[in-house]
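A short write-up of the structure that comes next.
Note that the structure is a prediction, hence the values are computed from the model and not measured. Protein chains get the first letters and strands the later ones, always in sequence-line order, with residue 1 at the start of each.
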Amino acid sequence: MTDETSKQTKQTELSERLALLKKNKAFIIGASILAFWVFSAIFGKLVARYDQDFADYESISSSPSLKYWFGTDSSGRDVYSRVIIGSRIIIVISFLATLLGAFIGASLGLAAGYLKGRFDMVLMRILEAISAIPVIIIALLAVAAIGRASSIITILIIGLIFTPNVARTVRAAVLGESELEYVAAAKLRTEKTAHILFREVLPNVLPTLIVEFTVRLGYAIFAVATLSFLGAGLEAGSPDWGTQVADTWSLIFSKIWWPTLFPSLAIASVAVSINLISDALLEVFEL
Amino acid sequence: MLRFIVKRVGLSILTLLIVSVIIFLMTSILPGDIAKQTLGRDASPEAFEVWNKEKGFDKPLVVQYGRWMGGLMTGDLGTSFKFALPVSEVLGPAAAKSAQLAIVALILIAPISILGGVAAAMNRGKKVDRLLTVGGLSAAVIPEFVWGVVLILLFGVVFRIFPVSAFPNEENPNIFNSVYHLLLPSIALLFVLFGYISRVTRAGVIEALDSDYMRTAVLKGLSRKTAVFRHVLRNALLPTIAVIATQVPYLVGGLIAIERVFNYPGFGNTLLKAVIARDFPLLQSAVFLTGLVVICFQLIADILFAILNPRIRQRVTE
Amino acid sequence: MSTNNIPTLELRSLEVAYTVRGIDRSVLRGVSFAIAPGEAYGLVGESGCGKSTAAFAAMRYLPRNGKITGGEIFFEGKNIVDIDEEDVAQLRRSAISMVYQNPSTALNPTIRIGKQIAEVFELNGVSSSDAMMMAEQALTRVQIADPARVLRRYAHQLSGGMAQRVVIAMALASNPRLLVMDEPTTGLDATVEAEVLDLVRELRRDTGTAVLFISHNLGVIRNMCDRVGVLYAGALVEQGATSDLFSNPSHPYTVGLLRCIPRGGLHKSTDRLDTIPGTPPALGLKFDGCVFVARCALADDKCRTQLPQMVTINVAHVARCFHSDKASSLPRSVEQIEYAPQVTGHSTKVGDALLNISHLSKVFTQDGHKVRVINDVSLTLGVGETLGLVGESGSGKTTIAKLLLGLTPPEEGGVVTLDGKGLAKTLNRRDVADVGAMQIVFQNPDQALNRRHSVTRIVGRAVERLRKFSLANAIARAHELLSGMRVDASLHSVRPVQLSGGLKQRVAISRAFAGAPQLVVCDEPTSALDVSVQAAILNLLVDLQKQDKTSFIFISHDLGVVRYISDRIAVLYLGRVVEFGTSQRVFNGPFHPYTEALLSSVPNIDGSTRKRIPLTGSVPSPSNPPSGCVLNPRCPRKAGSGYETLCETEEPNLNEVEPGHFMRCHIPMAKLKQLQS
Amino acid sequence: SSSSESDKTVFRVAAQEQEGPAAPWMTKGGSLGILSAVGAWLIDVAPDGTLKPSIATKWEGTDAGKTWTFTIRTDAKFHDGTPLTADDVVYTIQSHLNPDNKSQSAGRLGDCTSEGIVKVDEKTIRFDLSRVNANFPYLVASSNYGLLIMKNGEKGDESWVTKMNGAGRWIMVSHTMNEKTVFKRNPDYFDKKRIPEFETMEQIQFVSQSAAIPALKTGELDSIHLLNGLEAEALPESDFYRTTVATCGGLHMHMRCDIGQLTDKRVREAIALTLDREAYIKGVMGGYALVANDSVMDSFPTADKKVPQRKKDIARAKELLAEAGVPNGFKVTLQSWKRDDIDKFTQFVKSSCKEVGIDVTVDLDGSDGGGARWYAYSVFPSVKGSKVPNKGEWLASEFGIAEWAGRPTPDEYLAREWFSSGDWNPAYLDAPELDEAITAWQSALTEKEKKNASSAIQKASLVHTPIIIAYNEIRVSVTSNKVKGVEFNAQGAVWSTGKNA
Ligand SMILES: Nc1ncnc2c1ncn2[C@@H]1O[C@H](COP(=O)(O)OP(=O)(O)OP(=O)(O)O)[C@@H](O)[C@H]1O
Ligand SMILES: Nc1ncnc2c1ncn2[C@@H]1O[C@H](COP(=O)(O)OP(=O)(O)OP(=O)(O)O)[C@@H](O)[C@H]1O
Ligand SMILES: [Mg+2]
Ligand SMILES: [Mg+2]
């Protein structure tokens, strides 16, 4: 049957896309870098060579060597080990924050896009207002108001601040979807609104949501790093990359560049890897 | 058109009101207590009471909000805890400095990014495109402070091409000198914003390139170059310019880290000081100002977009 | 046609491929044809067979991923496959022009019409002030009223017909020697289509331009072209003079194609439509033998293994088939439903009153204005009958369907009764039985089926909800329904993306039948489908009706289809029923002037020419309807009828002009009869 | 010719971030440099920490230090040209004591009252204190920087900033808050030897002193006052020279002896023994500190040098922990506020403690208020004696670090911080032998008695370890070689080393 052929075509299509993905250099590079950091985040203690707090006062700010691959910082701590161990903080925080933002944003977006009307109008105004204040600034405001910086607060704040973006994307997708006739068809078999939202519409906006998720994840890393650089992201003394850069960057003028450079590269590499992956996905799946 | 503008302005004012409520609630309802934040946790309960009374924090929230809004309307932003000066006197000069930086940055960023986007679109799928798109977006996801540090190291310290602080120390800095000092931080902002703007431009140009009317133009016998110039750029770029306005929040957000790295006494640095000092009158006004700027730009962008697009212009005029 | 032996355009064994996901997929397979100066050559074939590709290849304008992999294209004897971009541009500027589908997007939205037309003249060296004058003349030439004003408009301020005239004006501005028209009227209303086609015919007579005319509508081709080529899967399978080819089709594909069409006087009660089984091959598939072999009832081993050559049928008529002599005796495909009828408690018989709509109105708010989109519509429909709903785009057909189904509530005063029972205005206040009793099949199955759900789930869930079956029973019933509609069991677990358009529509029909409906609304269920698939779907609907006594409301702008399937017809204009009656009466006249114009605009596939009764101007906006009879500014019969003032001042009622035949017209029946004879 | 050369000379120095207007009544830390430039005090504190005559040419304590008499010079002038008189001095001090003026410096005037300030004649002013204070001159010296002499009747609030009518070395030319202040040399200054050669001085504010380093390297700046030792070390000696100021103050890390996990003195000692002070000073501080031995007596000349200096001894520390019943360590939170040196020191403590299994969580307050709360000179009333540890308050925290500024004598430390009933005793140590030794110190008259008392205090400190003092900082300023003969006192006032004069 020709219908069989069409089925096969769809299958080969997926394998063709996967083959393309495997050939996509950007994807390979991005995925490898991210895999390395995820591995470090999970098994950091195995990859690191010293404890994150171990300090060698004999070699303060010593340049990279066989003993200290990335050199030591001005407290004599091994930069390599701290960069490896620091990966967990930024990856976990960014991931959780994005997850939170995606969850709330998707729920609100679904409701707004489907229910429309006054609810939509009011919600969109509020979300527009939230997104009128740049992420970093609203996070700083919250840190000042709460009185202290901590990772939980950072997760909550970034998550909440991402809500408008996610909600808007999902809402737009839902608005488009709910015009489609399958929604009318569902109504015509007496489905409840919740069912239509979550069982009919949601699966169709999922791809959009996933792409939005990767984009947000990239920006979460950006935001977490910046906040901790500004001293408003995490608890003091944490080995996260932003704090490391903040603590050491002024030393680059004294030619002590390694404690700044390596965590900077780490931030850059994670951010870029996520960007490469989402870009490759977009391209190969022609989204 | 006038009706549209009035309506749009009305909506913006509404949004701004919500912004003010959010800011106010964040500073009043979140667990931290302003008196404790300011006086320190060691202060005696009596000290808190006196302080709260003096600042009016003992009044109901609605009254406090009303007072704050009233102040904003009349230009009385209160007194900064930290600087013991009227907030406007602290914020005004700082914001003016940041505006200078932002303007120099935008003048640098807009044409370069648009050019990049057009170049990428015209070479879609080729190496140039991949380089500009992937490179641009990769640069964009690297935080400003990383760029700032790298740029200072390279151009300020190693090559000594640019001054490392963004603020000229001359007695009477002339405009060239000021701009020269602002170049390096602007380049850092360029790295972050290039990706976004060029992507939007690229998408717009590609959409126009793929459009039926572009096909019509080419099939009329226009050379590709002329067709692109007359039919594509016109349709793709005008909206892009409006889109740049939507990047303003990123620009403002980016100023904080940049001003810190480049020791620029602007709005971002002041805001950061207000955060560290828990200087709420200053902080509230500073954040409100951010919201105001962002919303104004979005308003301008929307109106500009409507003016540039005959379809909306007409719908709007009716 | 012409004696000049250098053809204007000639394709020789043209091969074109598209690169998709890194692989070259061939689209055109050795296509050869020639168009003599002044000749109109038609290219027909189902969707995706490569018609547009051939047209764009002739313009040397392939998509970025397309390339010519073999063969030659000659323009006036010169091979243009390898000439450089500047020469191509020069050709386009002076000798070849193109018009294609979707005129509104073909115009630049931000540049005024005048400037866009003038650009063509300027390209040929005319000064800009002269160019603007010439643009005005060009608009006059395509019969646009008030060209000076149109010059200053933007694309979105033009109706579809106007926009297409502008595009044609632009194409003709350079006095081209070849005009390529790719489905220039697809998407336009029948009345507008007819006008545009008239215009093209007229202009061609005046200019003597050679035309490559592409359409999937055989009727249009028949009326427009001197010669026709039939494309299938990128290969030209038959070619000949139009009348010859249509009367003596010699390739099984052409034969099948012609048989699918519900033409002339065919009616469901007497005639069953033919279909071409299967679907066209996927892009880029390789063939050892005939491209049509998989769907051909005459195919044998030779067809599977050897490439057939063109066989001459008569002088200009060739067919690429080993069995061209037997083509006309192609066996009819019989495809019967195996559908287990609904066991419903209804003890009605065919013809009993089922649906009664009275005084239905709907007002929408558009940009702050109240717009009466449906105005006082009353209709009736019997058990087991089909009501055809016709009218131009925007006349309110879909809105009526939505009102019936309760998807949007009607205005106060409108009443819908089904089987004697008044229905609640909105869906959520109707009980399950009422909801199940009235269902819909949408135009676009892609949008109507949730692409994330399996076929079984789509139908099963409807059974579960509407019949209150247990899950297991619902699934069993769903499978029964699907198999009955000839959706193969192997496809029950797949998602809609993996199905062809026809199969999707079968799934949608299965879903509509899940709740044992008494009435199913079909809103253009076949207009997105190819003719062969359309025929199969129409057959299916007819079979279902016969078995279940289901009634249909069938919405379509294709009058041939409506005529074939309907027992009663309602003609809508601007949200009003202007004529309503049995199929017989409505199609045989005397007609309402609007119906008359509509019918006369349908291009006839059998080549018979009927005098066109034109509707002048374009459809008025429902937000600002004309006073008096809403048709009066466009009415072809108003002038000289003697009722002009009445028509312009007073809105006529829907009167029963003869038993079972209603009309909304001031002109009396007898007068109309006289005018129309 | 030398004057025409010096006309051109501009001296650019990095200034600390301003925390408030540079006004006598209102000032906080950041404005120090500005006030030091324009102001003149009764007494100057020299870079070496000694007191030098300034407006007062002579001062003398009588009545065992209850009455102080100052003789002032008559040739001093304010920047607006008016001569500086005894009335101005009286007005200045009284204005600070006037509660209406909410002066930030009032608290530091100790036992001085408004009525006790007496103008004896045009050249003499007498202070009748309510209690004996042998160190009173320090309270009116330039280390109490708000107390610069103002013109009679002028307000010391933000309105002062526009004129800055002081009598100091530099005249304010322009001042932009948070950016920079430009000064010109005061031609009428009474002690020309103390002003360096250049005509103009610019103080440019930086977020942090480290942020100023690039500007220093590119020549946009000539000098940075108060730099981290390591960063100072990294600047090449071929281009820059360093001047230092030793301080006896520093970071005091207390451990609560009454509640929490550190009540066992063996545990406290174990913590002290984990620290490798020399390595820390050498490595992290670039050598710019002196090793301290957990008592405030170390840096004074009376110190008993024979008391053994504590050294890192992990084995002993482990033994002590085992004896105390926590052989595998425990978890504890170390609290303070965020500042670069505190950051580093807490990390030092954290990593050192880890070696014996003590898991230290660092909790630093990032706000400005944090500094005020943990700084011993806090202007806020402190709640003493909270029995709930770790509340994020200096006097309630189980394990915390506070900063004490240098004092000319250890008396205040001993009375307020180390004595069991001291109002700022954060360790809550109640050890009779320490209290006895402190009392002995306070009543000691002779050098010998003082030495003995000091020795006893030092030993008792080592026995109980209520507070760990690991080092006394040496502050560094770095100046470009192009500008010769410049040094700073602890307040950031620019002094001429006299070498170029
Ligand atoms: N740029 C492209 N890339 C890949 N495939 C394409 C491209 N354009 C068209 N196709 C595919 O090539 C085949 C032929 O397309 P073409 O547009 O020529 O068909 P057509 O006969 O004009 O169909 P229709 O009647 O739908 O317009 C179709 O299967 C189509 O999906
Ligand atoms: N939700 C809506 N809000 C406002 N106006 C609407 C809405 N739905 C339809 N209309 C308007 O009602 C009129 C009738 O639309 P409808 O879709 O019923 O026409 P139709 O006859 O089905 O046309 P087509 O043949 O194009 O499908 C149109 O003018 C349309 O613009
Ligand atoms: Mg086509
Ligand atoms: Mg419709």
(message) For the CD1 atom of A/Ile130 and the OG1 atom of B/Thr15, what is their distance to the nearest 0.5 Å?
(response) 11.5 Å
(request) Name the region of A/Ala26, side chain, backbone, both or neither, that has any atom closer than 4.5 Å to a heavy atom of chain B. (result) side chain
(request) Please look at B/Leu137 and chain A and tell me whether the side chain, the backbone, both or neither of the residue comes under 4.5 angstrom of a heavy atom of that chain. (result) both
(request) Report yes if some heavy atom in the side chain of A/Phe229 is under 4.5 Å from a heavy atom in the side chain of B/Val146; otherwise report no. (result) no
(message) Does any part of the side chain of B/Val141, heavy atoms only, come nearer than 4.5 Å to the side chain of A/Ile221, both counted from C-beta?
(response) no
(message) Is B/Ile23 close to chain A through its backbone or its side chain, or both, or neither, when contacts mean heavy atoms under 4.5 Å?
(response) both
(request) Kindly indicate whether the side chain of A/Glu128, heavy atoms from C-beta on, has any atom under 4.5 Å from the side chain of B/Ile295. (result) no
(request) Can you tell which part of B/Val261 gets under 4.5 Å to a heavy atom of chain A, answering side chain, backbone, both or neither? (result) both
(request) Counting only heavy atoms closer than 4.5 Å, note whether B/Leu251 contacts chain A via side chain, backbone, both or neither. (result) neither
(request) Using non-hydrogen atoms and a 4.5 Å limit, figure out which bit of B/Ala274 sits close to chain A: side chain, backbone, both or neither. (result) neither
(request) Would you mind checking which part of B/Ile18 comes under 4.5 Å of any heavy atom in chain A, side chain (CB onward), backbone (N, CA, C, O), both or neither? (result) both
(message) Can you confirm whether A/Ile267 sits close enough to B/Pro143 that some side-chain heavy atom of one is under 4.5 Å from a side-chain heavy atom of the other?
(response) yes
